[in-house]
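Quick notes on the structure that follows.
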Amino acid sequence: MNRVYVCSCFGVTEKQVKEHAEAGACTPRQIASASKAGTDCGSCVRRIQALLGRGNCPRRELLDQGMPALSAEVADLSEAA
């Protein structure tokens, strides 16, 4: 299996970022909260933004209403990494 690392500081892969996004992490800050990616040197933040895209968040409506968009799945993904 070929792993593409997004964050070399914390060993976070592209696949993990996508899984966190599917679980509701819609911003680089939410990805950082879920996986620490982007919290050390910061060189991966642009790549995380590119992976998240614009307006592709399945839970964007919740954010717009001021409701929490992250599910408990995000914590589970961090522990599984």
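All residue numbers in this chain count up from 1 along the given sequence. Since this is a predicted model, take the numbers as computed values, not measurements.
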Subject >> Heavy-atom pair of closest approach, residues C7 and G38 >> reply: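 Smallest interatomic distance, heavy atoms only, reads SG-N, 4.0 Å.
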Minimal non-hydrogen separation, V12 against S35, with atom names
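The answer is CG2-O, 3.7 Å.
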(message) The criterion is side chain to side chain donor-acceptor pair (under 3.5 Å); which residues satisfy it with T13, sequence neighbours excluded?
(response)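 Side chain to side chain donor-acceptor pair (under 3.5 Å) list for T13, sorted by chain: Q16.
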Can you tell me how far the [atom1] atom of [X] sits from the [atom2] atom of [Y], to the nearest 0.5 Å?
| X | Y | atom1 | atom2 | result |
| --- | --- | --- | --- | --- |
| Y5 | C44 | OH | SG | 13.5 Å |
| Q30 | I48 | CD | CD1 | 12.0 Å |
| E19 | I31 | CD | CD1 | 10.5 Å |

**Request:** Look at E22 together with K18 and state whether they make a salt bridge at an N to O cut-off of under 4.0 Å.
**Result:** no
For residues 40-49, the salt bridge (Lys or Arg N to Asp or Glu O under 4.0 Å) pairs (sequence neighbours left out) are E14-R47
Query raised in the report: Any link between V6 and F10 through a network of hydrophobic side chains (Ile, Leu, Val, Met, Phe, Trp, Tyr) touching at under 4.5 Å?
Result: yes
| query | Hey, are the side chains of C26 and L52 touching, using non-hydrogen atoms and a 4.5 Å cut-off? | reply | no
Taken in chain and number order and not counting sequence neighbours, the residues that satisfy salt bridge (Lys or Arg N to Asp or Glu O under 4.0 Å) with K36 are none
